[in-house]
Protein chains: 2
Amino acid sequence: MPHRDSSVRYWPDGGMAAYPEAPTNLQVLRASTLLNSLTEDQISDLGGVSHMAYAERAETIWINGSDVDFFGVVGIGFVKMTRSTAAGHDVTTELMGPGQVFGLLGALEGSGCPQTAKAVCNTWYLKVPKRRFFDVYRENLVLKEALVRRTTTRLRSSYEMIARMSTGKVDQRIAAILFMVAESYGTEDGKTIRINVPLTRQDIAEMAGTTVESTIRVMSAWQKKKWIETESRTISILNPDSLAELI
Amino acid sequence: MPHRDSSVRYWPDGGMAAYPEAPTNLQVLRASTLLNSLTEDQISDLGGVSHMAYAERAETIWINGSDVDFFGVVGIGFVKMTRSTAAGHDVTTELMGPGQVFGLLGALEGSGCPQTAKAVCNTWYLKVPKRRFFDVYRENLVLKEALVRRTTTRLRSSYEMIARMSTGKVDQRIAAILFMVAESYGTEDGKTIRINVPLTRQDIAEMAGTTVESTIRVMSAWQKKKWIETESRTISILNPDSLAELI
DNA sequence: TTGAAACTATGACGGCCATCATGTCCTAGT
DNA sequence: ACTAGGACATGATGGCCGTCATAGTTTCAA
């Protein structure tokens, strides 16, 4: 299922002394599956009032509950949407990659953003003012349809998550997460699947709803079995079959 | 937050020798928050091609993956949407009550219904043919907007679920489930909140992603503490404060 | 280059909870 | 009324995994 072209750049590499090259506003808007249904005029219109922003790895873009007057479109990099429980644990519910729109959810019904947005790695993203977007959105049947489809898809995969996370052992949950991320951001090379997101064990633990230690234990065991491989935060699944039959 | 009028009938009571009185097609359509945005003409149109159906407690309305040519609107009773994991456990992701539309999700993008629908109690529901609905839907801005809102709300609460279920002890999860159900289908009477859904411990276990035994243990303990009370599958929260501070 | 911080790794221990087993009570249908 | 099946209840047991502790390794900025 991994479908992306391996030549695509997912995140800014190299040091950060000089900012990695930012994409242009229009590039980002056109790359968005949700927004590229707009007309050229509308896109350049929105592009004109939006502005590119940069978030460093682990930087918080906004806290949950806060009222923000923009939503984001990931340009290069990754943003995770998290929620923190009363016990103080952060749980990651979604991982947004290049072209993905984030923070639009709360926007539609006015109520604040229910989730915290945090950069997984150094990330360029476009801040689009909500107000301007609504002007386009309100009467746009195609856009509404696109939005329905997008939320529907997310809803479906979030049910998948609930089913996987609320039952199942830790190793199953982690395996499920790996496949889920690979599904969106993986590239195949023969049997091995390379996950093009720089994820720490902590990141994975938050997605799987477990602890760093357990995640490390499980993944270390897999590494010894040559099922997976990690090099500088990039995970490759060497033996998808074995991993899959865990689930 | 429980907001319903206690005079509303949530499910057919009494024996089933004679079917409890069915609501009419139009009653159900008008009671639906999603569909009542339609014009009178459209409603009576849809009402004409739909037909009322009855499902007994625990009856399966459709299996996941199957292609069904209708979606449902709950008239009287409750329907749960479940998914079963590879391990054979059923996980309930949503509980749909009177006026709620179910099974529309998969319909919009053609792919089969991702979840199994099962009656929680004896239930009257309206089967609305998808094809006819699409004719109305396709060009209807208001309906699309309503759908976006509905999906958005569901998405939000499903993220809530993920956060709650993937972390947290069993008692916290169960408490969270009770409040979540009470939020939608509870009626307040002084301090006590009565949950107007006939749920077994098994039902609750499936929602909390745990086992019947654990659920029984936890809820029995609460009963001894007079925090909750059960009479013939109807749960009342006597002491919401104590229960809430578990979470 | 170097040092600090973050990440990965591994062990010990204890509590939670899934599983199995057994029994009572309630409900529904003959 | 009687019986069968489902729901509720409770105990015993063992393994998973969260927590704490400690140490090695990588990353990155100065």
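Residue numbering restarts at 1 for every chain, and letters A, B, ... go by the order of the sequence lines. Quick caveat: nothing in here was measured; it's all calculated off a predicted structure.
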- Indicate, with a heavy-atom threshold strictly under 4.0 Å, whether A:Glu231 touches base, sugar-phosphate, or nothing. nothing

- Note on the structure: To the nearest angstrom, the CD1-C1' distance between A:Ile216 and D:dC20 comes to 14 Å

- B:Lys169 NZ to D:dG18 P: how many Å, rounded? 8 Å

- Item | 5′-ward residue of the pair A:Met219/B:Arg173 relative to DNA chain C | A:Met219

- DNA chain D: 5'-proximal contact among B:Leu199 and B:Arg217 (nearest heavy atom): B:Leu199

- Task: Please step through side-chain hydrogen bond (donor to acceptor under 3.5 Å, both in side chains) for the pair B:Glu206 and B:Thr82, ending with a clear verdict.
- Result: CA-CA 9 Å; B:Glu206 278 175 21; B:Thr82 72; 5.8 Å; no

- Task: Give the rounded distance in Å between these two atoms: CD1 of A:Ile174 and P of D:dC17.
- Result: 9 Å

- Are OP1 or OP2 of C:dC7 and a side-chain N or O of A:Arg57 less than 4.0 angstrom apart? yes

- Measure from the side-chain heavy atoms of B:Glu213 and tell me the nearest of C:dA9, D:dT10, D:dG18. D:dT10

- Residues of residues 201-211 of chain B with a heavy atom under 4.0 Å from any atom of DNA chain C, listed by number, are B:Thr210, B:Thr211

- Polar contact flag, side-chain donor to acceptor under 3.5 angstrom, A:Thr167-B:Thr85: no

- Could you check whether A:Arg233 gets within reach of a base, just the sugar-phosphate, or nothing at all, counting any heavy atom under 4.0 Å? sugar-phosphate

- Item | Separation of D:dC17 P from A:Met165 CE (nearest whole Å) | 13 Å

- Check whether any side-chain N or O of A:Arg154 sits under 3.5 Å from a backbone N or O of B:Leu155 as a donor-acceptor pair, and report yes or no. no

- Could you tell me the separation between the CD1 atom of A:Ile177 and the CD1 atom of A:Ile235, rounded to the nearest 0.5 Å? 11.0 Å

- Message: Please confirm whether the shortest side-chain N or O distance from A:Thr230 to OP1 or OP2 of C:dT8 is below 4.0 Å.
- Response: no

- Tell me yes or no: between the side chains of B:Tyr159 and A:Glu94, is some donor less than 3.5 Å from an acceptor? yes

- Task: Identify the heavy atoms of B:Asn64 and B:Pro114 that sit nearest to each other, and give their distance.
- Result: CB-O, 3.4 Å

- Task: Send over the distance from A:Glu229 CD to C:dT8 P, rounded to a whole Å.
- Result: 15 Å

- Give a yes/no answer on whether the side chain of B:Lys224 brings an N or O atom under 4.0 Å of OP1 or OP2 in D:dA9. no

- Query: After noting the C-alpha distance and the side-chain angles of B:Thr230 and B:Arg201, does the key distance pass the side-chain hydrogen bond (donor to acceptor under 3.5 Å, both in side chains) rule?
  - Reply: CA-CA 11 Å; B:Thr230 315; B:Arg201 314 293 174 189; 3.0 Å; yes

- Could you state the atom-to-atom distance from CD of B:Gln223 to C1' of D:dA7 in whole Å? 13 Å

- Query: Can a side chain N or O of B:Ser220 be found less than 4.0 Å away from OP1 or OP2 on D:dA9?
  - Reply: yes

- Task: Tell me which nucleotide among C:dT8, C:dC17, D:dT19 gets nearest to the side chain of A:His89.
- Result: D:dT19

- Message: Against B:Phe102, only a single residue in B:Trp62, B:Phe70, B:Phe71 fulfils ring-ring contact (aromatic ring centres under 6.0 Å, His included); can you say which?
- Response: B:Trp62

- Message: To check you understand the geometry: which heavy-atom pair defines the closest contact between A:Met207 and A:Met161, and what is its length?
- Response: O-CE, 4.3 Å

- Message: Based on the rotation axes of five pairs at each end, what angle does the helix from C:dT1-D:dA30 to C:dT30-D:dA1 bend through, to 10°?
- Response: 50°

- Task: Over all heavy atoms of both residues, which pair between A:Ile195 and A:Thr234 is shortest? Give the atoms and the distance, please.
- Result: O-CG2, 3.3 Å

